[in-house]
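Data block below; observations after.
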2 protein chains.
Amino acid sequence: MADGRLAGVVERTHEPIRLDDPDDTRLDDFRDLTTADRRPDRPGGRGFVIAEGTVVVRRLLASRYPLRAVLGVPKRIAELAVDLADVSAPVYETSADTMARVVGFHLNRGVLAVADKAALPSAEEIARQSRTVAVLEGVGDHENLGALFRNAAALGVDGVLLGPRCSDPLYRRSVRVSMGNVLRVPFAQLEPWPAGLELLRGHGFRTAALTPRPGSLSLRELAAGTGGKVALLLGAEGPGLSEEAIAAADVAVRIPMTGDVDSLNVATAAAVAFYELADRG
Amino acid sequence: MADGRLAGVVERTHEPIRLDDPDDTRLDDFRDLTTADRRPDRPGGRGFVIAEGTVVVRRLLASRYPLRAVLGVPKRIAELAVDLADVSAPVYETSADTMARVVGFHLNRGVLAVADKAALPSAEEIARQSRTVAVLEGVGDHENLGALFRNAAALGVDGVLLGPRCSDPLYRRSVRVSMGNVLRVPFAQLEPWPAGLELLRGHGFRTAALTPRPGSLSLRELAAGTGGKVALLLGAEGPGLSEEAIAAADVAVRIPMTGDVDSLNVATAAAVAFYELADRG
């Protein structure tokens with residue numbers, strides 16, 4: 001680590017540090033990445049936030065997560081030169097082969113950044129600052145969760161609240177699939193469940209449960225009839241929202257579909273709903 | 001194969017045939033599935049249509065593709081009993097372990113069906129019979145293509161036309177990600193490109209290119225202003241539609257977004273557009 005700190009001095013000239021020994025301890029943050037995002041009390045876990053590829057690394061650099069280090073092949077580090085100009089954490093350059101030996105697999109995006117986790121905002125802060133939020137129940141699939149954050153960022157959702165049985169949006173795979181948008185869209189745990197929805201109601205939100213059940217409002221009817229704050233409740237693909245969650249919401253809404261009841265992926269259904277809600281008055 | 005034909009006789013009682021020898025030649029259709037969907041002139045390729053899991057197997061059974069055989073663990077075969085009642089192709093039952101040894105990997109869905117390909121409809125037939133079609137350019141990613149068909153089926157798209165550089169919707173991974181909807185939504189090649197769009201125009205379609213470029217109509221404006229047939233042109237994530245394709249379309253349309261230009265996955269952008277078009281008068 002002493003070397004890593006020293007490296008910070010070199011950073012004034014924005015010169016990356018070349019490392020070619022895969023056993024160099026300055027590369028320890030990047031070792032065995034398949035498990036480095038796990039909680040520190042789990043095997044291999046260090047609880048890091050890991051960004052892969054120039055797009056996602058850029059979003060990590062712009063985020064509130066404290067950067068620990070960047071590692072990449074020269075071509076990718078050069079592409080990030082402007083973004084790395086003000087970075088005080090060490091920036092390491094190496095070959096694709098050495099990178100693969102350090103991280104434990106071949107990484108075709110050629111650049112990685114590692115950051116520490118940071119305290120989450122509270123659900124209350126998100127409720128106060130948002131006009132549209134997504135509230136998730138049981139979205140445990142990392143790719144679906146990442147895709148949902150990507151869609152939230154693209155379609156004007158201000159925050160995401162995590163009910164029970166959701167996975168951590170900061171897992172590496174979710175970070176990647178979200179294109180780094182889990183680092184931009186604020187999220188928080190919402191507890192207890194579903195009674196925590198009262199918090200949203202207290203902030204003036206209309207809570208709407210997305211469910212294919214008959215008798216639900218169509219999304220368009222919801223958007224047309226709701227000018228103010230909306231919290232959209234989404235359940236996992238397959239089981240969908242629990243009965244308790246649907247009962248706790250102000251209204252049930254559906255996407256009119258021609259196919260079977262569960263015919264859209266949860267992140268896709270969310271995108272359609274976010275799109276419709278973005279257009280409300 | 002002789003045994004397989006004989007097995008057809010047993011089928012009147014809907015009893016599956018138990019096989020426990022992974023080298024049994026009756027299982028040859030299921031061998032090395034990672035390549036069996038390739039064209040027969042490629043290594044390992046047999047050009048089969050392969051369905052995995054009860055949902056997708058059911059859709060294959062209901063499709064026009066000529067079934068060759070079904071293989072599953074007893075639990076999954078039992079779940080499909082009603083669907084298999086009228087099937088004249090052989091139905092084989094075995095253990096999960098034997099299945100894994102035959103197909104070359106562990107298959108957690110527990111049931112497979114294999115069918116022969118069949119002639120595609122013509123683009124002209126699809127144009128004649130459809131009100132809404134998707135027209136794809138350069139959608140080469142199997143998962144995106146599968147997801148797009150899933151969304152097309154859910155949101156009322158009648159057919160898909162494949163321009164240049166699209167992958168085959170009948171690849172195993174696309175079949176699976178589509179939830180079997182590539183077997184239900186008709187598709188055809190559209191040639192030449194983009195001049196083939198004239199065919200659609202001749203059938204009364206308004207052709208709309210989805211692109212984030214400024215000056216495009218919003219999707220809602222398109223839907224509000226178009227009561228009749230619509231063909232929606234979609235390009236691959238990243239490059240998007242080619243200049244020629246956009247120029248050949250009647251109109252350019254966009255999804256209003258808060259994020260970056262390419263912030264939605266192509267299948268997700270398609271879902272949003274299909275949703276909006278489904279609501280037109």
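Side chains included, hydrogens not; waters and symmetry mates left out as well; all remaining heavy atoms used. Lettering of chains follows the sequences in order, A, B, ..., and the numbering in each one begins at 1.
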Hey, mind stepping through B:Leu219 and A:Tyr275 against side chain to side chain contact (heavy atoms under 4.5 Å, CB included) and telling me if it holds? CA-CA 11 Å; B:Leu219 264 181; A:Tyr275 164 79; 3.6 Å; yes
At a heavy-atom distance under 4.5 Å, which candidate from B:Ala147, B:Ala269, B:Gly156 has the highest pair count against chain A? B:Gly156
Roughly how far, to the nearest 0.5 Å, is the CG atom of B:Leu264 from the CG atom of A:Leu155? 5.0 Å
Which atoms of A:Ala278 come close to chain B, meaning under 4.5 Å heavy atom to heavy atom: side chain ones, backbone ones, both, or neither? neither
Sorted by chain and residue number, the side-chain hydrogen bond (donor to acceptor under 3.5 Å, both in side chains) partners of B:Arg76 (sequence neighbours excluded) come out as B:Glu79
Restricting to salt bridge (charged side-chain N to carboxylate O under 4.0 Å, His left out), what partner residues turn up for B:Glu276, sequence neighbours left out? A:Arg220, B:Arg220
